[in-house]
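Please read the structure below before turning to the comments.
Each ligand, and each atom within it, is numbered from 1 in the order the structure gives.
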Amino acid sequence: MIKLLKGLKPFRWGVAAVLILVFLQSMGDLYLPTLMSDIVDKGIVQGDRAYIWRIGAYMLLVAGGGALCSVIASYLSARVAAGFGRNTRSRMFEHVENFTLHEFDKLGTASLITRTTNDITQVQTVLTMMLRMMVGAPMMMIGGIIMAVSEDAKLSLIFVIVIPVLVGAIFLIGMKGLPLFKAIQVKLDTLNRVLREHLTGIRVIRSFNRIEHENKRFTAANKDLTDTAIKVNKIMAGLMPIMMLVMNFSMIGILYYGGIRIGDGDLQVGSLMAFIQYAMQIMFSLIMVSMMFVLIPRASASALRINEVLDMQPEIVDPASGALQATADAKKQDGRDGLRGYVEFDNVSFSYPGAEQPALSGISFSARPGEITAIIGGTGSGKSTLLSMIPRFYDVIEGAVRVDGVDVREMAQEDLRSKIGYIPQKAVLFTGTINENIRYGKEDATDEEIIHAAKVAQAYDFVSAMKEGFDSQIAQGGSNVSGGQKQRLSIARALVRKPEVYLFDDSFSALDFKTDAKLRAALKEETTESTVLIVAQRVSTVMDADRIIVLDEGRVAGIGNHRELMENSEVYREIVSSQLSEEEIA
Ligand SMILES: Nc1ncnc2c1ncn2[C@@H]1O[C@H](COP(=O)(O)OP(=O)(O)OP(=O)(O)O)[C@@H](O)[C@H]1O
């Protein structure tokens, strides 16, 4: 929590102002009972009206000043906390943007969303209260004790019993509550995950009649969260009655012994009244402290989760600027500078963390501009993984991936990715117009470039047929266009960039044979100066490629063109024959 609060640095003046204002307000609150005691003992007892008016007016002034300080402190603390929340959310967002897929896999999307929203709100709420109580509560407590002792030292002995009892109760309850607060945040993650899966998978859930099952899953997660929240609230609810009980008993004690002392002439009525107010202030400040005990563990559970994200160092980072410069110099010297679109895999091996089998082993090949390299293989054979190594979504474990003769680990990620047009297996579109979605590939693309890209991607006809053409809105997740249309738009997005290297990850799978063939013919003309890597399931898609890599369980089972592979590769022949027979059956 303390580590996270370092983010308050830009707000130090605001924090200082709040602390000073709360200090002034507490001073005022501590002064008021003494003034009241004076009114009673000096004004009322002696019948001095002028004194009562004078001190009364003074009391009003002190109370008014205190109220003003309090209002401004509230406003400032809310502003500081809101600013802190905004900054922390931005920090987290920017940090998470640099995460590699490993880190996303580790934390999970649902948890990252809860951490960026709910957890930060928890800390923000507590911060607002803490700013006000951090100075106010201890001051009221210590000041109250000093003032009470100055009113009547003997009567103050009552606090020797009361305060340890209260502190003990707060401590015990706090200890019980802390683990539960941690559990609540974890359960909130689970609830978010279930909800997310439910919402994104609603079509599958309905078609498989699993609504009942999903309801049960949601109810279970919801109940689990509620049960824990009730449990923690039960414990916390116990705190208030205990405090009130102790407070009321101490009042009885004060009134009883105070009465005796007044009878004996050791204490005046006004002083007893002031004493009672100080006792109240002391105990209320303890209640405030106990509230902090309730809130701080909750916020620190959240702070831990936020720090876990902020402390996570992305595994893939850019080389230092010195190293980048050295690579650039070396490139210039040995003539690699002019290379555009060369991709080389040199004995590459890679395993996903925790996986028993490597996803890729000993992969070597090279591709040059103007060539089409196709990758084919059974499901799970490592095709998508192979493509992900080129934009450096993952780092190789052995060997090297080189683009334009430079190891991708020695390049700035931005430079590397600016060379690449990646079309993912599952097309992703963003909320906005079709125009904006295609322009995502190249911000300064002209309208002509966008139309050209759409034409090559075979998207122009269906986009033009839409009522608003390129200005038609794409709904969240691209749910208002078909799977094949989504694929074509994401191809257009990559085309508009005119990258050196195209990576098509099974991007034609949702297209019919005719559109697939037309698209590939148009692509061929468009990509004469680029290197194209295509992952595909259909033999018809890869047959014309200059080079076909056949993958089997992460290994190269054959490499060559269609004719060569038909002669030499058993695995390729199997794939071809299985598809041909399937087509014949169809
Ligand atoms: N994020 C991941 N974490 C762990 N293992 C993974 C991950 N992604 C893929 N794998 C595993 O790596 C292997 C290769 O997966 P990959 O997605 O590259 O296969 P693919 O050939 O593209 O399959 P498909 O044609 O079905 O898309 C599979 O065994 C898969 O289970």
*Any chance the side chains of S381 and D552 put a donor and an acceptor closer than 3.5 Å?*
no

*Report, in ascending order of atom number, the atoms of ligand 1 lying under 4.0 Å from any heavy atom of G378.*
21 (O)

*Run down the list E553, Q357, E356, K383 and name the one with the heavy atom closest to atom 25 (O) of ligand 1.*
K383

*Does S490 reach the main-chain N or O of Q487 with its side chain, forming a donor-acceptor pair under 3.5 Å?*
yes

_Any side-chain to backbone donor/acceptor pair from E525 onto A522? Under 3.5 Å, distance only._
no

*Say whether G377 and ligand 1 are in contact under the criterion: heavy-atom distance to a ligand atom below 4.0 Å.*
no

*Atoms of ligand 1, numbered as shown, that sit under 4.0 Å from any heavy atom of Y394*: 1 (N)

*Applying a 4.0 Å heavy-atom criterion (strictly less than), which segment of D105 is in contact with ligand 1: side chain, backbone, both, or neither?*
side chain

*Between H213 (side chain) and I205 (backbone), is there a donor-acceptor pair under 3.5 Å?*
no

*Any sub-3.5 Å donor-acceptor pair from S418's side-chain atoms to L416's backbone N or O?*
no

*Just jot down the ligand 1 atoms closer than 4.0 angstrom to any heavy atom of Q425, in number order.*
27 (O)

*Proximity flag S381 to ligand 1, non-hydrogen atoms under 4.0 Å*: yes

*Looking only at protein heavy atoms, identify the closest one to atom 10 (N) of ligand 1 and say how far it is in Å.*
Y352 CE1, 3.2 Å

_Sub-4.0 Å heavy-atom contact, F104 with ligand 1_ = no

*asked:* Please check: side-chain N/O of E564 versus main-chain N/O of N561, any donor-acceptor pairing under 3.5 Å?
replied: yes

*Shortest reach to atom 28 (C) of ligand 1 by a heavy atom, considering only G380, S351, S384, G554*: G380

*Flag A359 as yes when one of its N or O atoms lies below 3.5 Å from any N or O atom of ligand 1, and as no otherwise.*
no

*Within the distance-only criterion (no hydrogens, no angle test), does the side chain of S364 pair as donor or acceptor with the backbone N or O of N347 below 3.5 angstrom?*
yes

*asked:* Going by a strict under-4.0 Å cutoff (protein heavy atoms only), does atom 4 (C) of ligand 1 have a neighbour on the protein?
replied: yes

*To which protein heavy atom is atom 16 (P) of ligand 1 closest, and what is the distance rounded to 0.1 Å?*
T385 OG1, 3.4 Å

*asked:* Is the ring pair Y394/Y352 parallel, tilted or perpendicular, if the boundaries are 30 and 60 degrees?
replied: perpendicular

*Short check: is a protein heavy atom less than 4.0 Å from atom 23 (O) of ligand 1?*
yes

_Exam field: side chain T527 to backbone S530, donor-acceptor pair closer than 3.5 Å_ = no

*Can you list the ligand 1 atoms lying under 4.0 Å from a non-hydrogen atom of Q537?*
25 (O)

*Should the pair Y422 and F393 be assigned to parallel (<30°), tilted (30 to 60°) or perpendicular (>60°) ring geometry?*
perpendicular

_Residue-level breakdown please: for F350 versus ligand 1, do any non-hydrogen atoms fall below 4.0 Å on the side chain, on the backbone, on both, or on neither?_
neither

